[in-house]
Amino acid sequence: MKAKIGFFDFAGCEGCQLTVMNLENELLQLLKLVQVVEFRELMTERATVLDLAFVEGSICRPGDRERLQQIRNRSKILVALGSCADNGGVNLLGSDRSLEVLRQHVYGGDLPHLYTETPQPLSAVVKVDYRIPGCPIDGQEFLAILQALLLHQQPELPGFAVCVECKLAEYPCSFDYGQVCLGPVTRAGCRAICIDGGSHCRGCRGLIDNPRTTPYHQILEKHGLTVTEILDQYRTFNIGEREKGS
Ligand code: SF4
Ligand code: SF4
Ligand code: SF4
């Protein structure tokens, strides 16, 4: 019997769900193994029970908590899809200002129907079984994690840094061009896609489990950079992680 899977979204840009839909070459094969029973971007049907729920976005609107709890109640396994769901991601970028100040900046006048709270990750409301990091997620990693779950195996995220993938691909190092790069302390799994694209790593996949900070400090010193400059970059996707103290 095919596993019943569903996709759900809360506050986010829906880029992680789009990454799944962009897996055009693999989707037809995938549909031989799973039955997509709920996916707002693709269909109107709703399911009563699911084997796997992939949930994107942060919790911040009235009714979000209750809806997420309902998804949890009808799903055997719940996976946080992307950094908004995993740790709050970019949704927390404004968390150093009050909601009133933010509303004023964005909307100006009084718009009571747009009530929001400070965004929270899914784990603040329900038990999250697994997570897929990144902003957006990596499509191939999504497939690998889905495959592991379908085989009742424990999905694993890479324990090494983006630098490893970058060096293996022989990309030029961003530091040599005067750009701060978070690759030495960020979890691999994206194939160093930003460096491939001519930019640098901003840490969207979060810290590796045991970042080797001493060599990283040495890299920073060598290039005349400070930890503060690194934290400014890290802040973009990981304010939620820093607040958790990790
Ligand atoms: S993690 Fe990034 S790509 Fe995914 S929904 Fe959030 S903002 Fe969009
Ligand atoms: S610091 Fe950045 S650009 Fe340099 S090797 Fe590591 S990931 Fe690549
Ligand atoms: S290179 Fe860094 S910022 Fe870019 S996708 Fe990979 S982890 Fe995210």
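The basis for the numbers below is simple: all heavy atoms, side chains too, and nothing from hydrogens, waters or symmetry mates. Fair warning: this is a prediction, and the values are worked out from it, not measured in the lab. Indexing begins at 1, ligand by ligand and atom by atom, following the structure's order.
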Exam field: side chain [X] to backbone [Y], donor-acceptor pair closer than 3.5 Å:
| X | Y | result |
| --- | --- | --- |
| E56 | C16 | yes |
| S75 | R72 | no |
| D129 | L78 | yes |

For [X], the ligand 3 atoms whose distance to one of its heavy atoms is below 4.0 Å:
| X | value |
| --- | --- |
| G203 | 2 (Fe), 3 (S) |
| C190 | 1 (S), 5 (S), 6 (Fe), 7 (S) |
| T186 | 7 (S) |
| R205 | 7 (S) |
| R202 | 2 (Fe), 3 (S) |
| I193 | 5 (S) |

* Asked: NZ of K76: more than 12 outside heavy atoms within 6.0 angstrom?
  ->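 Check fails, neighbour count at 12 or below.
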* To do: Please step through salt bridge (charged side-chain N to carboxylate O under 4.0 Å, His left out) for the pair D196 and R191, ending with a clear verdict.
  => CA-CA 8 Å; D196 182 25; R191 299 177 304 283; over 6 Å; no
Against heavy atoms of [X], which atoms of ligand 1 measure under 4.0 Å?
| X | value |
| --- | --- |
| S83 | 1 (S) |
| C13 | 3 (S), 5 (S), 7 (S), 8 (Fe) |
| C84 | 1 (S), 6 (Fe), 7 (S) |
| V90 | 7 (S) |

* Which heavy atom of T19 sits nearest a heavy atom of G15, and at what distance? ->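 Between these two residues, the closest heavy atoms are OG1-O, 2.8 Å.
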* **ligand 1 contact on I137 by region, counting heavy-atom pairs under 4.0 Å** =>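 None of I137 does.
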* Which is it for E14 and ligand 1 at heavy atoms under 4.0 Å: side chain, backbone, both or neither? ->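 Just the backbone.
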* Flag the pair I137 / F54 as yes when at least one side-chain heavy-atom distance between them is below 4.5 Å, and no otherwise. =>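 No, their side chains stay 4.5 Å or more apart.
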* To do: Could you tell me whether the side chain of Q29 reaches within less than 4.5 Å of the side chain of K32, counting heavy atoms only?
  =>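 Yes; the side chains approach each other to less than 4.5 Å.
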* Heavy-atom nearest neighbour in the protein, as seen from atom 8 (Fe) of ligand 3, with distance rounded to 0.1 Å ->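 Answer, as residue, atom name and distance: C204 SG, 2.4 Å.
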* Nearest-neighbour protein heavy atom for atom 4 (Fe) of ligand 1, which is reported as residue plus atom name and distance ->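 Result: C16 SG, 2.3 Å.
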* Asked: So, are D51 and R74 salt-bridged, with charged N and O less than 4.0 Å apart?
  ->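 No, this pair does not count.
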* Asked: Taking NZ, NE, NH1 and NH2 as the nitrogens, is one of them in E141 or R187 under 4.0 Å from a carboxylate oxygen of the other?
  ->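 No, this pair does not count.
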* **Close approach of G89 to ligand 1, heavy atoms, under 4.0 angstrom** =>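 No; G89 lies far enough from ligand 1 that no heavy-atom distance drops under 4.0 Å.
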* To do: Check whether any heavy atom of G134 sits under 4.0 Å from an atom of ligand 1.
  =>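 Per 4.0 Å heavy-atom rule, G134 contacts ligand 1.
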* **atom 8 (Fe) of ligand 2: protein N, O or S atoms [distance under 2.8 Å]** =>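 Result, waters dropped: C166 SG.
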* Asked: If you measure from atom 1 (S) of ligand 3 to every heavy atom of A188, C135, C194, which option wins on shortest distance?
  ->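 Checking each option, the heavy atom nearest atom 1 (S) of ligand 3 is found in C194.
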* **Six-ring centre of F10, R67 cation under 6.0 angstrom, axis tolerance 45°** =>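 The answer is yes; both the distance and angle limits are met.
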* **Enumerated ligand 2 atoms positioned under 4.0 Å from heavy atoms of P184** =>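 With P184 as reference, the close atoms of ligand 2 come out as 1 (S).
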* To do: Report, in ascending order of atom number, the atoms of ligand 2 lying under 4.0 Å from any heavy atom of F175.
  =>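 Those qualifying, in numeric order: 1 (S).
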* Check the angle between the aromatic planes of F142 and F7 and answer parallel, tilted or perpendicular using the 30° and 60° thresholds. =>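 Answer is tilted, since the angle falls between 30° and 60°.
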